There are 2 protein chains.
Amino acid sequence: MTSEISRNAGSGSVPPGRIGIGLELDDIHMKMLEVLRENGRISVAALAERVGISRANAYTRFEALRADGAIKRFTAEIDHVRAGLGITALIFVTVRQQMWKQFRAELARMPEVEYCAITTGQHDAMIQVRVADVAAVHTMVTDRLANIPAVKATETVFILDEVLKRPYVLPSDARAPARRRSPELGPAQKTQGDVPLGKMRFVGAAEGRAALQKDG
Amino acid sequence: MTSEISRNAGSGSVPPGRIGIGLELDDIHMKMLEVLRENGRISVAALAERVGISRANAYTRFEALRADGAIKRFTAEIDHVRAGLGITALIFVTVRQQMWKQFRAELARMPEVEYCAITTGQHDAMIQVRVADVAAVHTMVTDRLANIPAVKATETVFILDEVLKRPYVLPSDARAPARRRSPELGPAQKTQGDVPLGKMRFVGAAEGRAALQKDG
DNA sequence: GTTGAAATTAGTACGAA
DNA sequence: TTCGTACTAATTTCAAC
């Protein structure tokens, strides 16, 4: 299956919980998403109890979340090593302009690709692949990717360890749990001084790539 | 919740379906994982029918997959934009040697981080964050990350579009669906010739990082 | 590893607050 | 909208094969 997913669209500041047309997500919706993140197989009845609403209401909201697309699907999280794909690599790809469509089409035929995003910066896209061994990475890059005309160049790095993986992030996660720094500073007076110049770098999009997204 | 997950451990070639101690995954287990990837809320009864085994068998196998850790958890996939986090960014971090432990500890306190992996190449780690607006990225990097002693430098890129996102990849995905290339070549005789030198780059680990994984 | 039948739970429909 | 309840359908459990 090929899942096309939502994009960012450089929206500057969007009111949280209400984007575009669709469902207005309130605190209870958010709570439901919090619970479902950890236990996607919980029954709606149990979910209702966890967030403190009636069963009927929970069914209505649950359906609404799915129908609206706020919840895209339910899935499992597996141990890739146990599944026989012990090697994970990131491939940064430079794509030839005007050939994005072809690049996307070829991507869909690569089952070892778990994730692909178009980025700003010196490369155009980042691909994450899971394969059985390092040889498979080499084959994938040298053989499959290199033979796509749309691919100008690639740079591959290996993932040595996945430190953190959350199913998704929610605005309500905020900085509520585990904190013990200064007595909570407002956003305005946060320490932001003495950071060595050039330590933090932001890399914008390469020229002529803004228009090259979905339909390049 | 902070999820510590499995690592790669530079295992060269591992027999698919059997890694370390644990459950031996056969074709039926794989089929179950295929189904659960698309529908994590399917009933075990329906799952049994889909993979062609009896219910009791399905229950046994389902339990085994969970107990063994092959399935880590069930979760949902959401539309980040609808949830109010329309901006996704990748932050590549250079970590000061011997300070990985601190870096990991600080990571756990950053709820906007969805994913963090330690990589080979010119940077040491890649962090993926989801936030409400671009200002939040700036705050995150300049304010929070920059103030961690373990962080030597960062480089930030924005994700313009997420082209593909699969819950996970399975060995059985192979190149079965949608194919029309050459009549299937063995791994040995695949075309691998005429690729311009330097077009494809592999970047190894920086010096002194091999030992700096979990317990640096 | 399979089938079938009991116990439990889930999902739906509806009226009332 | 939300809640509570009653009704129907499905799932899970358990036992015997």
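Order of the sequence lines sets the chain letters (A, B, ...), proteins ahead of strands, with each chain counted from 1. What you see below is based on every heavy atom in this structure, not just the backbone, and it leaves out hydrogens, waters and symmetry mates. Quantities reported herein were computed from a predicted structural model and do not represent experimental measurements.
- In the helix from C/dG1-D/dC17 to C/dA17-D/dT1, the end axes, each obtained as the rotation axis mapping the C1' atoms of four pairs onto the next four within a five-pair block, lie 30° apart to the nearest 10 degrees.
- Using a 4.0 Å heavy-atom distance criterion, B/Arg41 is classed as making no nucleic acid contact.
- Between B/Ile127 and B/Thr154, the closest side-chain pair of non-hydrogen atoms is not below 4.5 Å.
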Pairs under 3.5 angstrom only: tabulate donor-acceptor contacts from the side chains of residues 59-67 of chain A to other protein residues two or more places apart or in another chain.
unit_1, atom_1, unit_2, atom_2, d
A/Thr60, OG1, A/Ala56, O, 3.0
A/Arg61, NE, A/Asn57, OD1, 3.2
A/Arg61, NH1, A/Asp26, OD1, 3.0
A/Arg61, NH1, A/Asp26, OD2, 3.2
A/Arg61, NH1, A/His29, ND1, 3.4
A/Arg61, NH1, A/His29, NE2, 3.2
A/Arg61, NH2, A/Asp26, OD2, 3.0

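- Relative orientation of the B/Phe158 and A/Phe202 rings is parallel, given thresholds of 30° and 60° on the angle between their planes.
- By the 4.5 Å heavy-atom criterion applied to side chains, B/Tyr168 and A/Glu114 are counted as neighbours.
- You'll find the side chain of B/Glu112 stays beyond 4.5 Å of the side chain of A/Asp173, heavy atoms only.
- Place B/Arg61 and A/Val44 on DNA chain C by their nearest nucleotides, and B/Arg61 ends up nearer the 5' end.
- Chain A approaches DNA chain C within less than 4.0 angstrom (heavy atoms of the protein), and the contacting nucleotides run 5' to 3' from C/dA10 to C/dT12.
- With a 6.0 Å radius and a threshold of 12 heavy atoms from other residues, nucleotides or ligands, A/Arg50 has its CZ atom at or below the threshold.
- A/Met99 is not listed as a side-chain neighbour of A/Ile148, based on a closest heavy-atom distance of 4.5 Å or more.
- Atom CE of A/Met140 and atom CE of A/Met110 lie 4.5 Å apart (nearest 0.5 Å).
- Exactly one of B/Glu162, B/Arg130, B/His80 qualifies for a side-chain hydrogen bond (donor to acceptor under 3.5 Å, both in side chains) with B/Thr88. That residue is B/Arg130.
- For DNA chain D, the contact window with chain B, defined by any atom under 4.0 Å from a protein heavy atom, covers D/dT11 to D/dT13 in 5' to 3' order.
- A heavy-atom distance below 4.0 Å to DNA chain C is reached by these residues of residues 52-59 of chain A, ordered by number: A/Arg55, A/Tyr59.
- Ring planes of A/Phe92 and B/Phe92: perpendicular class, angle over 60° (limits at 30 and 60°).
- The closest donor-acceptor contact from the side chain of A/Thr120 to the backbone of A/Val203 lies under 3.5 Å.
- B/Arg73 places no side-chain N or O within donor-acceptor distance of the main-chain N or O of A/Glu38, the cut-off being under 3.5 Å.
- Residues satisfying the side-chain hydrogen bond (donor to acceptor under 3.5 Å, both in side chains) test with A/Glu34, not counting sequence neighbours, are A/Ser172.
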